[in-house]
Amino acid sequence: MNKVVSGADEAIRDIEDGMTLMLGGFGLCGLPEKCIGALVKKGVKQLTCISNNAGVDNFGIGLMLQNRQVKKMISSYVGENAEFERQLLSGELDVELIPQGTLATRCMAAGYGMPAIFTPAGIGTEVAEGKEVRNFNGKDYLMEMAFDADFAIVKAWKGDTLGNLIYKSTARNFNPVMAMAGKITIAEVEELVEPGTLDPDHIHTPGIYVHRIFKGEGYEKRIEHKTVRQKGSENTI
Amino acid sequence: MNKVVSGADEAIRDIEDGMTLMLGGFGLCGLPEKCIGALVKKGVKQLTCISNNAGVDNFGIGLMLQNRQVKKMISSYVGENAEFERQLLSGELDVELIPQGTLATRCMAAGYGMPAIFTPAGIGTEVAEGKEVRNFNGKDYLMEMAFDADFAIVKAWKGDTLGNLIYKSTARNFNPVMAMAGKITIAEVEELVEPGTLDPDHIHTPGIYVHRIFKGEGYEKRIEHKTVRQKGSENTI
Amino acid sequence: MLDKTGIAKRIAKEIKDGYYVNLGIGIPTLVANYIPESLDVILQSENGLLGMGPFPFDGEEDPDLINAGKQTITMLPGSAVFDSAMSFGMIRAQKVHLTILGAMEVSENGDIANWKIPGKMVKGMGGAMDLVASAQNIVVAMQHVNKAGESKLLPKCTLPLTGVNCVKKIVTELAVLDVLPEGGFKLLERAPGISVDYIMKATAGKLVIEGEIPQMVL
Amino acid sequence: MLDKTGIAKRIAKEIKDGYYVNLGIGIPTLVANYIPESLDVILQSENGLLGMGPFPFDGEEDPDLINAGKQTITMLPGSAVFDSAMSFGMIRAQKVHLTILGAMEVSENGDIANWKIPGKMVKGMGGAMDLVASAQNIVVAMQHVNKAGESKLLPKCTLPLTGVNCVKKIVTELAVLDVLPEGGFKLLERAPGISVDYIMKATAGKLVIEGEIPQMVL
């Protein structure tokens, strides 16, 4: 059960031009920083990236966009990225915007071996165009297909050498559902431990879903919108 | 957020004749013992019970069967119960046998607001009779409907007063998916703690799914098949 | 005429004890400041958290703990973290009692448009389409008229829709209105100092006025 | 002719390093005893566990820790627990490399019947229909003939089916056979002391014999 690789470069060694990748994270939170760095270094191109967001100009998937590696983004929200906007308007980049819950559930469907799901999200909107609508119990639902990704790349807090993963706080987000959904799943973790160290009841992603794992060094964990309150402030938000 | 009730009797106070209940547990493991006891005491009848198994003659749902409270069982395996067999053969009891994964996923579908799911389980068998078959990517799937249960009754290890639940070991089984699926969800726990005691990253069932919670006293946790090995034995199983 | 704070204060009155609430970005986020402490209310953040607390004190922010607006936040005791699929699962299954979000336009049959303006860069719908298609109870926080002075409460939305037949209530700088099941905006309350006549002129969709319209109490 | 232990030993040879394996009740459970220690193999129990270990020592059994056969078990280091929906999710998504289960009948096109005998009390299919409909690689452990001496390897199953076109390999007390994609049981190995002729007589379905058939090595 040799899942441990030396680092991001080895983990992504066989990702090739034109492949479809899932990348975990919400905004800049819970991003697989190290694998994104390795993908930029490798320079692999024409990628389709399924990720809730597209990073910012100089962090996250934004780095791959600046390097012109992305052919298509499948996301729910992409609004923080000037280079993204430039490439989209110039026609260099294709984008498919889908509701966030649909994005998450299409990942889960792949991981659960369900070819399609029904969701009310997008009924009566342009998202429904060309899709099958079906009424159950008086309510309309869209049929949406499970994703089909060559690789899923996720970031966890702790992992063991068998691939079991534990996420921290809201850095969990899309990572568990994408981890289930890749034909090959790569996990980068802050702490890599021996089997038996993690409590079996605390595992979020069972190792069966994870094919490669490595410990990333020196996570930057950039904050997109630092918001704080003053001590003694009446308002909480 | 007053979810704490005094005990099983109060928790099930408004369960009425003819209702549909989900009951967690696999075999006798992770069963809501206390609520089953209260249901037997209350004597509510004509119930439809969705549960993976039907208990044994003198424990679990078997107690409700002996008390003639069950009109219909929806289960995947019911083979450990002589009274069950007697009632079934005499026509007193109706049973719907469905594949275990279909059972679990129809619960999850209800909890996830998905009216139907697709599964290959049962294709080409009598389980498929009368159901819609649909081909995706060259493989046939059955469309199966989300369950619709009046109450879900689950057993957890620890819970807090906001309804957050943590299960222990394989006593988890169907409990989390049923907890999500009830119109009203009742949780019985071995330890009931204050909010802030449980690590938010360790919660299996978020409190939003749980409407009533209480601490059960003196769990019997009967073992169905005690299997042990001898020290020094070569065979592990 | 209410300012943003006033709109947030008025919406806070829609929240009842024991509610699970999802707050959108913008004015809805401000609502959290005005929920009475006597109420037990739990905020859901659709990136995967129940029990969202206030912003952290400076220096205590955690990059792994953000809300759906990507702001650093805190967790209250009794919080639970989950993945994005479960988060939208509980939204679709209507476990969230109240959803508060902004809008560009609302139509008199409850359609909402809040994600896309043709000709402008589209940022995406995020979780808005899931929320409006699923929620039992949707309150919209919005300006009654746009910067050009045109009503945003319309017979029919002109912008691409986010969802149909979903908005139940609207709170603007001028008024509180219900969207009637049979169509039409039913005027419930006036903002302090605002006349019914003023609201009529600012409302392009069908406005239903019955009896005396009280002034809001904030 | 093999006994149950012999069948389990032979099936153990189908397991490769790095495999996740689901073992059914009966002979399949015994297979766990014969997996070489040099192989890293993880057992899945469909009630929600990866990393199933041996039975506990007497007095160390935990009522909260059982396998799909409801037997008390242990967990090995690196185990993970999950709910029933995820368990069958990973089965449907073909993350489990090998499924070993028993059967009453197998047909020459790979159909399997193992859950119901008309006229007898039906206990239920448990997880068998999910497993056979989903698994990439299914090995059946069964007796070649029933107690009446009739073959259980048939042109067509007579009992209600559990799944269709799914069995890849069969190990019996007499032989190892592949189910050919185009139909037919291809004889691969003979049990010690069993002749090809004996196997032919015990097999009602189409038997494909090519060249010399080696004797099993256990």
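The figures that follow rest on heavy atoms only: side chains count, while hydrogens, waters and symmetry mates do not. Throughout, a chain's letter reflects where its sequence line sits, starting with A, and its residues are numbered from 1.
Here the closest heavy-atom approach between residue C:S134 and residue A:P120 is recorded as OG-CG, 3.9 Å. Taking both residues in full, the closest heavy atoms of A:F174 and C:S84 are given as CD1-OG, 3.2 Å, listed atom of the first, atom of the second, then distance. Considering all non-hydrogen atoms of both residues, C:V164 and A:I123 come closest at CG2-O, 3.9 Å. A:G124 approaches C:L161 most closely through the heavy-atom pair O-CD1, 3.7 Å. In terms of heavy-atom proximity, A:G101 sits nearest to C:R92 at O-NH1, 4.0 Å.
Among A:R222, A:K155, A:K168, A:R172, the single residue meeting the salt bridge (charged side-chain N to carboxylate O under 4.0 Å, His left out) criterion with C:D64 is A:K168.
Taking NZ of C:K123 as the reference point, atom CG of A:N53 lies at 12.0 Å (rounded to 0.5 Å). Note: C:N47 CG to A:T170 OG1 = 5.5 Å, rounded to the nearest 0.5 Å. Taking CE of C:M125 as the start and OG1 of A:T102 as the end, the distance is 8.5 Å to the nearest 0.5 Å.
Contact annotation: the side chain of C:M129 never approaches that of A:Q100 to less than 4.5 Å [non-hydrogen atoms, C-beta and beyond]. Inter-residue side-chain proximity for C:M75 and A:S169 is flagged as met; some heavy-atom pair is nearer than 4.5 Å. In this structure, the side chains of C:I66 and A:E224 stay at 4.5 Å or more apart for every pair of heavy atoms. You'll find the side chain of A:F84 reaches within 4.5 Å of the side chain of C:M121, heavy atoms only. When side chains are defined from C-beta on, A:L97 counts as touching C:W115, because their heavy atoms get closer than 4.5 Å. A:R229 places none of its side-chain heavy atoms less than 4.5 Å from the side chain of C:P56. Contact check for C:K70 versus A:F26: side-chain heavy atoms found under the 4.5 Å cut-off.
Surrounding NZ of A:K183 are more than 12 heavy atoms belonging to other residues, nucleotides or ligands, all under 6.0 Å away. Enclosure of atom NZ in A:K131 by more than 12 non-hydrogen atoms of other residues, nucleotides or ligands within 6.0 angstrom is indicated.
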### Query
Passes salt bridge (charged side-chain N to carboxylate O under 4.0 Å, His left out), C:D58 versus A:K226? Steps please.
CA-CA 9 Å; C:D58 199 3; A:K226 178 175 161 177; 2.9 Å; yes
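Looking at C:D83, its side chain never comes within 3.5 Å of a backbone N or O of A:N173 through a donor-acceptor pair.
Taking C:T72 as the reference, A:T227 meet the side chain to side chain donor-acceptor pair (under 3.5 Å) condition, with sequence neighbours excluded.
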